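Take a look at the structure below.
In what follows, chains carry the letters A, B, and so on, assigned in the order in which the sequence lines appear, proteins first and then strands, with residues in each chain numbered from 1. Being a predicted model, the structure only gives us computed values, none of them experimental.
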Amino acid sequence: MRSSSVPPIAIVKAHNQTPLKSSSITIPSSPLPFHTLSERAHIPSHVYKHPAAVLLELCTSMKELHQIIPLVIKNGLYNEHLFQTKLVSLFSKYGSINEAARVFEPIDDKLDALYHTMLKGYAKNSSLETALAFLCRMRYDDVKPVVYNFTYLLKVCGDNADLKRGKEIHGQLITNSFAANVFAMTGVVNMYAKCRQIDDAYKMFDRMPERDLVSWNTIIAGFSQNGFAKKALELVLRMQDEGQRPDSITLVTVLPAAADVGLLMVGKSIHGYAIRAGFAKLVNISTALADMYSKCGSVETARLIFDGMDQKTVVSWNSMMDGYVQNGEPEKAIAVFEKMLEEGIDPTGVTIMEALHACADLGDLERGKFVHKFVDQLNLGSDISVMNSLISMYSKCKRVDIASDIFNNLNGRTHVSWNAMILGYAQNGRVSEALNCFSEMKSLGMKPDSFTMVSVIPALAELSVTRHAKWIHGLIIRSCLDKNIFVTTALVDMYSKCGAIHMARKLFDMISDRHVITWNAMIDGYGTHGLGRAALDLFDKMKKGAVEPNDITYLSVISACSHSGLVDEGLRHFKSMKQDYGLEPSMDHYGAMVDLLGRAGRIKEAWDFIENMPISPGITVYGAMLGACKIHKNIEVGEKAAKKLFELNPDEGGYHVLLANIYASTSKWSKVAEVRKTMEKKGLKKTPGCSVVELRNEVHSFYSGSTTHPQSKRIYAFLEELVYEIKAAGYVPDTNLILDVEDDVQEQLLNSHSEKLAIAFGLLNTSPGTTIHVRKNLRVCGDCHNATKYISLVTGREIIVRDMQRFHHFKNGICSCGDYW
DNA sequence: ATAGGGTTAG
């Protein structure tokens with residue numbers, strides 16, 4: 001920036017001399033600033049100094065206006081042009097265009113100014129169409145339009161994003177030969193920019209014979225607000241080359257652009273300029289500066305500026321809250337909110353949205369409800385954005401029921417409302433509701449956008465039905481959303497979760513601007529499919545490229561190693577995480593490491609690893625340890641892990657079942673009973689196992705032992721046959737997994753496991769050779785895993801089971817996991 | 001009576 005030449009002191013002075021608010025208007029005794037001196041010369045002083053004129057100038061409401069009018073008439077002033085125009089203006093201002101017209105029409109000798117005022121009234125209160133019609137009438141009445149007729153109309157077009165009328169007015173403006181007028185053309189540039197036609201806006205700007213500071217600011221704002229941050233920054237440099245010095249408005253416009261590109265260097269240079277030019281203390285500049293620092297990841301600097309501000313507006317507070325929310329410090333956002341209330345600042349809709357966002361991130365339902373009360377207090381019930389935030393907050397706090405109540409009663413739902421609701425359902429595992437909501441949205445003629453898709457796709461990934469996956473992919477292509485990186489990344493993840501890992505890779509290879517999440521999705525996909533080598537190859541490729549791995553990447557890499565038994569590689573990458581990339585391992589990373597070691601049978605090493613952790617081990621860590629002890633039947637360590645684990649009070653009963661199964665696998669039945677009792681006492685339940693299989697567009701769910709399916713009888717009969725057959729092929733039921741019942745009953749229970757029912761149903765209802773896809777919400781049970789191997793052998797079918805953790809591809813009697821899971 | 005540009009938000 002060419003700001004190294006410190007701006008002359010005059011600029012600072014000039015700025016300081018400009019009073020923010022003129023107080024002269026409120027002093028009735030002095031002559032009113034109706035006109036410039038030259039204009040006032042034509043009006044007799046008894047008119048503009050008349051008390052009625054003073055009153056009209058002070059008038060603030062329709063009611064007052066109606067009280068003043070008799071005074072005007074009584075004093076014989078009604079026929080004065082000045083009063084006529086003022087009345088038209090005031091009626092328009094208070095929204096009564098009809099009364100304005102009733103004053104306007106009967107007047108015989110209408111001044112041009114009267115027409116201009118009437119035109120403004122129409123533009124403000126009626127439609128632009130009416131205003132345009134009035135413009136035609138002006139020509140008919142031989143009244144010449146002036147520049148500000150057009151600037152005003154253009155502004156209305158911009159505010160309403162009415163491109164069609166905007167173009168018409170642009171045409172009229174050319175007809176009236178204002179095409180070279182700086183004011184008019186700046187208005188045109190602004191109109192196109194506000195109508196999101198930034199190319200046209202720039203074309204007009206480029207053609208202007210003369211550009212002043214405001215023109216530059218307009219085009220810079222245009223680029224900045226249309227998402228072309230770099231272009232906006234570029235233009236700030238260019239304007240200086242062309243001799244225009246950025247003013248405070250230039251800065252406040254371009255700071256969001258600097259925040260957008262996220263480069264602290266750029267933001268700092270603007271900050272420097274703001275200081276040198278004497279703008280840094282202005283409340284809007286310091287607010288925008290703090291905001292920029294937050295968005296560039298330096299929320300501490302933002303706070304320093306915020307704390308140093310002599311005065312703050314509500315925007316300053318809101319922006320500070322947003323800074324904390326965006327930087328993952330919701331508690332601090334709440335603290336700012338509380339301080340704001342303490343200081344008696346009135347919250348706005350944005351304030352409440354930020355507070356709700358913070359509560360959502362904290363998952364703090366109670367506080368969320370507290371903030372909800374403000375919505376009613378502040379009358380924000382009709383503010384759609386606020387209501388959308390409520391939907392998101394309740395969804396994130398797992399109260400999707402309240403969220404959907406709000407959604408269902410919401411008038412004027414926008415895309416954001418639908419997207420929030422769909423995401424809410426999807427994130428709470430309510431897949432069918434998410435999909436229903438999605439189809440309802442479409443049936444109402446709302447076009448899904450990238451946010452909608454990013455919410456729906458994970459719901460479909462959860463369903464794991466390839467047919468649905470292809471359907472949404474088609475829809476995405478038809479909606480032209482297939483170039484959006486967030487959407488395509490979600491697709492990669494979805495295909496991999498549907499078992500179509502090759503399709504996922506094909507899509508991945510077609511994406512040119514991969515984000516870190518894109519890489520993560522693909523690496524994780526390989527990992528869950530047990531393709532550890534492929535995951536590591538891709539990870540190597542990633543490290544050679546421009547995108548840096550993050551903590552999630554490492555989580556996927558370690559778990560990929562774990563699923564494929566690549567222990568040494570896993571250990572190596574875990575080390576490199578902090579060493580090479582400065583990433584601090586989180587609890588999930590430690591859990592994955594314990595899983596890696598434990599699953600491979602290195603139980604002692606895993607326990608040592610836990611004991612040497614720099615942070616206090618959490619549920620995931622001991623859970624992984626317990627799982628490993630189950631696989632390797634290690635009671636001693638298993639008990640130690642369970643003891644620590646239960647101290648942490650997990651609300652999921654599955655861990656107790658895991659311990660019970662360790663005891664059961666070594667026939668310690670009294671211990672099994674003990675665990676059972678504890679579970680009962682604590683009121684813990686195991687999540688019921690559920691397997692789903694898709695058939696001709698319908699999803700069929702099976703629970704263990706369920707007999708509710710219409711084909712239930714056939715399924716059980718077929719299963720019996722099937723078990724007979726696989727036993728002949730060498731299958732031995734693993735009755736150790738079931739607790740304290742007789743052997744034959746145990747077998748029966750085993751044969752009614754949800755995954756077996758789902759597989760049997762799939763085999764019965766598809767033609768020979770068709771691959772069966774099953775999705776289970778928990779981990780596949782050992783006996784079912786073994787049985788499925790045999791089933792794939794005797795039926796010659798390929799069976800793909802996706803469980804909670806990974807994929808199992810069964811074919812010809814073997815599983816892709818190599819029994820390592 | 002009248003005149004173009006600006007900060008926060010899923």
### Query
Quick one: is A:Q225 getting a side-chain N or O under 4.0 Å of the B:dT7 phosphate, OP1 or OP2?
yes
### Query
Using a cut-off of 4.0 Å on non-hydrogen atoms, how would the nucleic acid contact of A:K312 be classed: base, sugar-phosphate, or nothing?
nothing
### Query
Base, sugar-phosphate alone, or nothing: which one does A:V386 contact when heavy atoms must sit under 4.0 Å apart?
nothing
### Query
For A:T253, which contact category applies under a 4.0 Å heavy-atom criterion: base, sugar-phosphate, or nothing?
sugar-phosphate
### Query
Do we see A:Y148 stacking on the base of B:dA3, given a limit of 5.5 Å between centres and 30° between planes?
no
### Query
What nucleic acid atoms does A:N149 come within less than 4.0 Å of, heavy atoms only: base, sugar-phosphate, or nothing?
nothing
### Task
Could you tell me the separation between the CD1 atom of A:I352 and the P atom of B:dA9, rounded to a whole number of Å?
16 Å
### Message
Using 0.5 Å steps for rounding, measure from the CD1 atom of A:I69 to the CD atom of A:E64.
### Response
12.0 Å
### Task
Could you tell me if the ring centre of A:F134 sits under 6.0 Å from that of A:F104?
yes
### Message
From the set B:dT8, B:dA1, B:dG10, return the single nucleotide nearest to any side-chain atom of A:H357.
### Response
B:dG10
### Message
Do A:K203 and A:Y192 form a cation-pi contact, if we require the NZ or CZ to be under 6.0 Å from the six-membered ring centre and within 45 degrees of the ring's axis?
### Response
no
### Task
Quick one: label A:A221 by what it contacts on the DNA or RNA (base, sugar-phosphate, nothing), any heavy atom closer than 4.0 Å.
sugar-phosphate
### Query
Taking CD1 from A:I107 and P from B:dA1, how many angstroms apart are they, rounded to a whole number?
14 Å
### Query
So which nucleotide from B:dA1, B:dT7, B:dG10 ends up closest to the side chain of A:V416?
B:dG10
### Task
Tell me whether A:F451 is stacked on the nucleobase of B:dG10, counting only the six-membered base ring and applying the 5.5 Å and 30° thresholds.
yes
### Task
Calculate the interatomic distance between A:R413 atom CZ and B:dG10 atom C1'; express it in whole Å.
17 Å
#### Entry: Whole-Å distance separating the CG atom of A:L111 from the P atom of B:dA1
13 Å
Pairs under 3.5 angstrom only: tabulate donor-acceptor contacts from the side chains of residues 148-160 of chain A to other protein residues two or more places apart or in another chain.
unit_1	atom_1	unit_2	atom_2	d
A:N149	OD1	A:V146	N	2.8
A:T151	OG1	A:Y148	O	3.1
A:N160	ND2	A:V156	O	3.4

### Task
Answer with yes or no after comparing the ring centroid distance for A:F337 and A:W317 against a 6.0 Å cut-off, counting only values under it.
no
### Query
Counting side-chain heavy atoms from C-beta on, which of B:dA1, B:dA9, B:dG10 comes nearest to A:S385?
B:dA9
### Task
Could you state the atom-to-atom distance from NE2 of A:H271 to C1' of B:dT7 in whole Å?
15 Å
### Task
Answer with base, sugar-phosphate or nothing: what part of the nucleic acid does A:D322 contact at a heavy-atom distance below 4.0 Å?
sugar-phosphate
#### Entry: A:K120 vs B:dA3: side-chain N/O to OP1/OP2 distance below 4.0 Å
yes
### Task
Report which part of the nucleic acid A:S215 touches: base, sugar-phosphate, or nothing (heavy-atom distance under 4.0 Å, all strands).
base
### Message
Students often get this wrong, so: under 4.0 angstrom with heavy atoms, is A:T218 touching a base, only sugar-phosphate, or nothing?
### Response
sugar-phosphate
### Task
Would you indicate which nucleotide in B:dT8, B:dA9, B:dA1 comes nearest to any side-chain atom of A:K86?
B:dA1
### Task
Confirm from the modelled atom types if A:T151 and B:dG4 form a donor-acceptor pair under 3.5 Å, side chain to base only.
no
### Query
Which part of the nucleic acid, if any, lies within contact of A:K295, taking any heavy atom under 4.0 Å across all strands shown: a base, the sugar-phosphate backbone alone, or nothing?
sugar-phosphate
### Task
Can you figure out which of B:dT8, B:dG10, B:dA1 approaches the side chain of A:T117 most closely?
B:dA1
### Query
Should A:V400 and A:F407 count as side-chain neighbours, where that means a heavy-atom distance under 4.5 Å?
no
### Message
Base, sugar-phosphate or nothing for A:H81? Non-hydrogen atoms, less than 4.0 Å.
### Response
nothing
### Task
Compare the minimum distances between each of B:dA9, B:dT8, B:dG10 and the side chain of A:P256, then state the nucleotide with the smallest one.
B:dT8
### Query
Do A:W418 and A:F438 make the cut of ring centroids closer than 6.0 angstrom?
no
### Message
Please report the distance, rounded to the nearest Å, between NZ in A:K194 and C1' in B:dG4.
### Response
10 Å
### Message
Just the rounded figure in Å: distance from C1' of B:dG10 to CG of A:L356.
### Response
12 Å
### Task
Determine the contact category for A:Q84: base if any of its heavy atoms lies under 4.0 Å from a base atom, sugar-phosphate if only primed atoms, P, OP1 or OP2 are that close, otherwise nothing.
nothing
### Message
Does A:V147 reach a base, just sugar-phosphate, or nothing at all? Heavy atoms under 4.0 Å.
### Response
nothing
#### Entry: Protein-nucleotide distance (A:F178, atom CZ; B:dG4, atom C1'), rounded to Å
14 Å
